[in-house]
Amino acid sequence: MSKIPLAGDSFRPEEELKARFRRNLIISLVAMTLLGGLIALIEYFALRDVVKTHIVLHILGDAFGLSGLLGFAGFVLGYVSSKGAFDLLSYSTKLVILNVFAPKWRKENFPKTYYDYKVIKDHEERKAVFPLLWVSLIYTVVGVAIIIIYSNLK
């Protein structure tokens with residue numbers, strides 16, 4: 001039997017889509033908060049000997065702004081990947097690894113050609129992580145607002 005799925009195999013009910021969106025939103029929020037905290041911590045230790053007024057606003061503006069921009073860049077890469085931009089790279093990497101480490105498994109279970117692999121991948125549901133976009137935009141806007149406030153206080 002062919003491994004190529006039939007059209008319509010990826011139907012998802014509305015409740016499942018909403019639950020996945022909420023889960024991805026929470027994961028994105030936690031990841032962006034951890035990234036912002038790491039950036040703030042690094043900047044705090046880099047600037048702790050600098051005598052500056054309103055240093056907390058400086059650190060918070062950079063932490064929110066940079067984490068928002070990095071999250072947006074991650075979203076862009078994820079979105080481009082969900083459209084199939086990295087399929088050839090993925091196929092060739094898997095092919096090399098399977099030929100080197102598991103040639104018997106490759107002959108039995110891996111698509112013979114890139115075309116077969118692409119047809120299988122095109123029928124899979126590819127998810128772009130849109131909650132990451134929203135959280136990134138919020139963090140970027142908050143970071144820019146803090147930077148504007150900081151620059152007006154000087």
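Keep in mind that the numbers below use all heavy atoms, side chains included, and drop hydrogens, waters and symmetry copies. Heads up: numbering here begins at 1 and tracks the sequence.
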Do you know which of Ile27, Leu25, Ile26 makes side-chain contact (heavy atoms from CB on, under 4.5 Å) with Arg23?
Ile27
Partner of Tyr139 under side-chain contact (heavy atoms from CB on, under 4.5 Å), picked from Leu35, Leu29, Leu69, is Leu29
Is there a path of hydrophobic side-chain contacts, each under 4.5 Å between heavy atoms of I/L/V/M/F/W/Y residues, joining [Y] to [X]?
{"X": "Ile42", "Y": "Phe64", "answer": "no"}
{"X": "Leu153", "Y": "Leu47", "answer": "yes"}
{"X": "Leu137", "Y": "Phe21", "answer": "yes"}

At what distance, to the nearest 0.5 angstrom, does [atom1] of [X] lie from [atom2] of [Y]?
{"X": "Ile138", "Y": "Ser28", "atom1": "CD1", "atom2": "OG", "answer": "10.5 Å"}
{"X": "Leu57", "Y": "Asn152", "atom1": "CG", "atom2": "CG", "answer": "11.0 Å"}
{"X": "Ser82", "Y": "Glu124", "atom1": "OG", "atom2": "CD", "answer": "12.5 Å"}
{"X": "Met32", "Y": "Ile39", "atom1": "CE", "atom2": "CD1", "answer": "8.0 Å"}
{"X": "Leu95", "Y": "Lys112", "atom1": "CG", "atom2": "NZ", "answer": "11.0 Å"}
{"X": "Tyr150", "Y": "Ile55", "atom1": "OH", "atom2": "CD1", "answer": "6.0 Å"}

Could you tell me whether Phe130 and Phe75 have their ring centroids closer than 6.0 angstrom?
yes
Check whether any side-chain N or O of [X] sits under 3.5 Å from a backbone N or O of [Y] as a donor-acceptor pair, and report yes or no.
{"X": "Ser90", "Y": "Phe86", "result": "no"}
{"X": "His123", "Y": "Val119", "result": "yes"}
{"X": "Ser81", "Y": "Leu77", "result": "no"}

Leu133 and Pro131, any side-chain heavy atoms less than 4.5 Å apart:
no
Of all the heavy-atom pairs spanning [X] and [Y], show the shortest one and how long it is.
{"X": "Ile120", "Y": "Pro111", "value": "CD1-CG, 3.9 Å"}
{"X": "Gly36", "Y": "Ala63", "value": "O-CB, 3.4 Å"}
{"X": "Leu132", "Y": "Gly74", "value": "CD2-C, 4.1 Å"}

Where does the angle between the aromatic ring planes of Tyr117 and Tyr91 fall among parallel (under 30°), tilted (30 to 60°) and perpendicular (over 60°)?
tilted
Checking salt bridge (Lys or Arg N to Asp or Glu O under 4.0 Å) for the pair Asp87/Lys118: CA distance, chi angles, key distance, verdict?
CA-CA 7 Å; Asp87 284 349; Lys118 185 71 173 157; 2.8 Å; yes
Thr113 vs Asp116, side-chain hydrogen bond (donor to acceptor under 3.5 Å, both in side chains): CA-CA, chis, key distance, verdict:
CA-CA 5 Å; Thr113 64; Asp116 295 337; 3.3 Å; yes
Under a 3.5 Å threshold, yes or no: a donor from one side chain and an acceptor from the other, between Tyr114 and Ser92?
no
